[in-house]
Amino acid sequence: MIENKEWHLAHKAMKATISKGVFDPCDFTAEELKTIQEVFFDYLMYIWLDLGDTRCNREGYTTASVAISNYFDKRKEWQDAR
C-alpha cells in the first residue's frame, strides 16, 4: 500500500496509534518524528481518498489522525515558545 519510505513511517505511526489508542512519540526518533510531521497531511489525504470517510472512521484512522495532529500542534507551540 505505502511505497514511499516517509509515508511508510507515517503509516507506522498511524497503525501504532490505532492499536494503542494514543500517539506515543517515544516510539520514534527525533528524526522520524520530523519526517512524520513533514509528510503527515499528504499521507492522511491519501489514506482518506483510498479508504473513504466511513471506513476511516470505522477503522480508527480519524481518531488516530486527530491524536497525531494534536501532538504535532502542541510540539510546534512548544518550539515556537522557545
Side-chain angles (χ1 to χ4, degrees):
M1 180 167 121
I2 305 295
E3 296 178 21
N4 177 308
K5 73 177 186 175
E6 288 83 7
W7 281 21
H8 179 74
L9 191 56
H11 189 67
K12 179 180 172 184
M14 180 70 82
K15 294 305 257 182
T17 304
I18 290 169
S19 175
K20 292 180 177 182
V22 295
F23 177 66
D24 187 355
C26 295
D27 290 343
F28 303 94
T29 66
E31 189 63 34
E32 288 173 330
L33 288 170
K34 181 180 175 192
T35 299
I36 294 166
Q37 185 174 14
E38 289 171 356
V39 303
F40 189 68
F41 289 106
D42 288 336
Y43 159 80
L44 188 57
M45 181 60 75
Y46 169 83
I47 290 297
W48 184 79
L49 289 171
D50 187 50
L51 300 180
D53 190 49
T54 301
R55 191 167 164 202
C56 280
N57 288 334
R58 237 185 280 137
E59 294 183 15
Y61 284 89
T62 303
T63 302
S65 68
V66 170
I68 295 169
S69 295
N70 286 344
Y71 168 78
F72 286 119
D73 288 346
K74 288 178 184 176
R75 183 176 183 215
K76 184 178 180 336
E77 287 174 17
W78 183 80
Q79 288 172 340
D80 289 347
R82 292 175 30 186

F23 and F28 aromatic ring geometry - parallel, tilted or perpendicular at 30°/60° bounds: parallel
Distance (rounded to the nearest 0.5 Å) between S65 OG and N70 CG: 9.0 Å
Straight-line distance of Q37 CD to K76 NZ, nearest 0.5 Å: 8.5 Å
same_hphob_cluster(L44, Y46) at 4.5 Å side-chain heavy-atom cutoff: yes
Ion pair check, D27 and K20, cut-off under 4.0 Å: yes
Interatomic spacing from NZ in K15 to OG1 in T17 - rounded to 0.5 Å: 11.0 Å
Closest contact, heavy atoms only, R75 versus K34: NH1-N, 4.1 Å
Co-membership, hydrophobic cluster, residues I36 and V22, 4.5 Å side-chain: no
Single-linkage hydrophobic cluster, 4.5 Å side-chain cutoff, L51 and V66 together: no
Approximate separation, where rounding is to 0.5 Å, of I47 CD1 and M14 CE: 7.0 Å
Heavy-atom pair of closest approach, residues A10 and V39: CB-CG2, 4.0 Å
From Y61 atom OH to D50 atom CG, the distance as rounded to the nearest 0.5 Å: 9.0 Å
Side chain E38, main chain T35, donor-acceptor under 3.5 Å: no
Y43 vs L9 side-chain heavy atoms within contact, under 4.5 Å: no
W48 side chain reached by T62 side chain, heavy atoms, under 4.5 Å: no
